[in-house]
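Here's the structure, in structure tokens; my notes come after.
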Protein chains: 2
Amino acid sequence: MPGKNIHQERELFHEYLRRNGLKKTRQKDMILEAFLGNEGHLSVEDIYALVKKKDRKVGIVTVFRTLKSLTACGIAREIGLGDGLTRFEHRYHHPLHHHIICTRCNKVIEFVSPELERVQQEIVLKYGFQQANPRIQVYGVCQECLEQRSTPERPKCDTGKVFARDALRMALSMRSRRLEFYRSAAARNLDPGGREVFAKVALEEEALALQLAAELEALQRREKGLDEAPAFLHFDEAELEKLIPSLQADTVAGELRLGAPRALELAMQLEERAAGFFRQYAEKFDETEGRQVLERFAEQQLRHHASIHDTAQAMKSASAS
Amino acid sequence: MPGKNIHQERELFHEYLRRNGLKKTRQKDMILEAFLGNEGHLSVEDIYALVKKKDRKVGIVTVFRTLKSLTACGIAREIGLGDGLTRFEHRYHHPLHHHIICTRCNKVIEFVSPELERVQQEIVLKYGFQQANPRIQVYGVCQECLEQRSTPERPKCDTGKVFARDALRMALSMRSRRLEFYRSAAARNLDPGGREVFAKVALEEEALALQLAAELEALQRREKGLDEAPAFLHFDEAELEKLIPSLQADTVAGELRLGAPRALELAMQLEERAAGFFRQYAEKFDETEGRQVLERFAEQQLRHHASIHDTAQAMKSASAS
DNA sequence: GTACGTGCAAAGACTTTGCAATGGC
DNA sequence: GCCATTGCAAAGTCTTTGCACGTAC
């Protein structure tokens, strides 16, 4: 990935240099490019090798020094993976995440999980530790090493993009679950007015779902290998399920009779609660593309909520006149 | 702690040497003693310094080599805490645990948490990693460092003992919660027979609770500073609460009327379920004193279950004759 | 007596520091 | 022209290896 968009990072770096009375040089820019142009957890030696391909005269000391600067300005994050080497990963516009490390082959898998974070936070707070970016490193042995075979080489993807993909998948999962709800409610509802409302909302829901699916596809087309990248975001399906309302209270003797006003109310409730959930969920992450996906999804739901609200108002005034 | 009981570890080590055609020497024994005589996460340099106090002629290379052997035979565990040094911690009869590390002052806190483990396990399994001892290291900044003050020096305790203490505390917590249940059930129950049963079981429960409390006190007396050591085992109080039966089903119009047979049945159910829970819970840990505490507690509950069962049988045959 | 163990020194791996020459600004 | 930067070499830190002598078995 040589022609990557690294304008923002370069700008950030140059700004950092300017502010600190440091000078921008060809070497520093080359190192920045080498670092940003490669995913994964690169050691100084790794980056040195990359830079050397472009200019044999660069010294490894400069790489050490430049990586310190990149860390200082928030473009890189220094991590130790237990093999004695200091490694660096992309930080700018990449979510803070955790690592699973195979102690045999040193393979590293990155992930985020709000659920894990919650439990961990609880424990850490008991000891008076602040939430200041606690990073979890899980050491274990991977499937391949256990079976004594080598890991298939996978193209490495930008963590930020993988996160965006998973956020879209999560949103899509919510959308399809909700679509199912609206459809089944429409099918079961014996009240024609209510049935019509659910059917209409389901149609709208479907259109929005298609929109999300298209966005996901576009993303996967842009970044090749993205669909094969392992999951990065672990979301709790059960949490999403909790957002779906139960029709128990409205079911009498196995029969569902929901008038249009009640159906609209239910749909509005659902959209609003889901929007709130996703907004809060998004806040747990650093500023990243994935977070933006979640925020946009929350907004989309609020807009849907507003549109249902308008429909309800229109119906009210129609019946009043 | 110079006069510590390290017979078992020494035996294990010598056995390992014998099996591998290695020789036991004064130096190796001294290093073993220095390692076991100090809690915490010692570096090679730390242990070297300790050994040197006894014999100035020992070389640091021997310490490196001996610690490799101690790791190989399961007495020590090698850990990296992110400061670039290889550190060693006690392993034999110490539960596998996780670390919270302050990235500023390098303070280390150890803990276990079945709940955290569950969530983590779930994630790790998704990636095909086996449960082969995944270790979590959480990096953060401790309260003291945030407030720019130094950490009060605490006597370090044997992790195994702290775990035993926490297991006892957990058992005690279960016991007192259950005592409360039996007492309140006795007080509320309008049936004299059932009331008597609950009162009797509560008395037995109290005796067992006192026994546990005595055990905890004895442990704390043996190991000074143990009561001040931070929590090591994080158990979920809510899990224990789930074991307590609800009397809702037996409450009619706010009134509780439980005959002796039903009261006995409830008590037996409670003891049995709690025994099962603690037996399973104990299995999650390596062979340690803490695990034994949990197992003994499970057995104690089974015995209590059996004794209640006998009472029930006696009552039955009495009423039959 | 054999073979491993020990402690010295030396080397190796990774990272930092000192310094004279170089090159941004 | 000033002063940070660079790349070399050198040093520093942690750990391992080589080797001659010592010692457990």
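Letters A, B, ... mirror the listed sequences (proteins, then strands); counts begin at 1. FYI, side chains are in, hydrogens and waters are out, and symmetry mates aren't considered; it's all heavy atoms of this structure.
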Send over the distance from [X] [atom1] to [N] [atom2], rounded to a whole Å.
| X | N | atom1 | atom2 | value |
| --- | --- | --- | --- | --- |
| A/D46 | C/dC14 | CG | P | 11 Å |
| B/M30 | C/dG5 | CE | C1' | 14 Å |
| B/L22 | D/dA24 | CG | C1' | 12 Å |
| B/L85 | D/dT13 | CG | P | 12 Å |
| A/I60 | C/dC14 | CD1 | C1' | 9 Å |

Which comes earlier along DNA chain C counting from the 5' end, the contact point of B/V61 or that of B/G21, where each point is its nearest nucleotide? B/G21

[X] side chain: which of [options] is closest?
| X | options | value |
| --- | --- | --- |
| B/R65 | D/dG7, C/dC8, D/dT15 | C/dC8 |
| A/T86 | C/dT15, D/dC3, D/dT16 | C/dT15 |
| B/F64 | D/dT15, C/dG7, D/dT5 | D/dT15 |

Output yes when A/E33 and A/R10 qualify as a salt bridge under the 4.0 Å nitrogen-oxygen rule, no when they do not. yes

Could you check whether A/F64 and A/Y48 have their ring centres less than 6.0 Å apart?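 No, they do not, as the ring centres are separated by 6.0 Å or more.
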
If you look at every strand shown and take non-hydrogen atoms under 4.0 Å, does A/S43 touch a base, only sugar-phosphate, or nothing? nothing

Need one value for A/Q27: base, sugar-phosphate or nothing, where a base atom within 4.0 Å counts as base even if backbone is also close, heavy atoms only.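 Answer is sugar-phosphate: A/Q27 comes under 4.0 Å of backbone atoms only.
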
Is [X] near enough to [N] that one of its side-chain N or O atoms lies under 4.0 angstrom from OP1 or OP2?
| X | N | result |
| --- | --- | --- |
| A/T25 | D/dT6 | yes |
| B/K23 | C/dA3 | no |
| A/K24 | C/dC25 | no |

For residues A/H98 and A/E117, determine if any side-chain heavy atom of one lies less than 4.5 Å from a side-chain heavy atom of the other.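 With C-beta onward as the side chain, the pair touches.
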
Test side chain to side chain contact (heavy atoms under 4.5 Å, CB included) applied to B/H94 and B/V162, B/D158, B/D286, the passing residue: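 For B/H94, the side chain to side chain contact (heavy atoms under 4.5 Å, CB included) check succeeds only for B/D158.
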
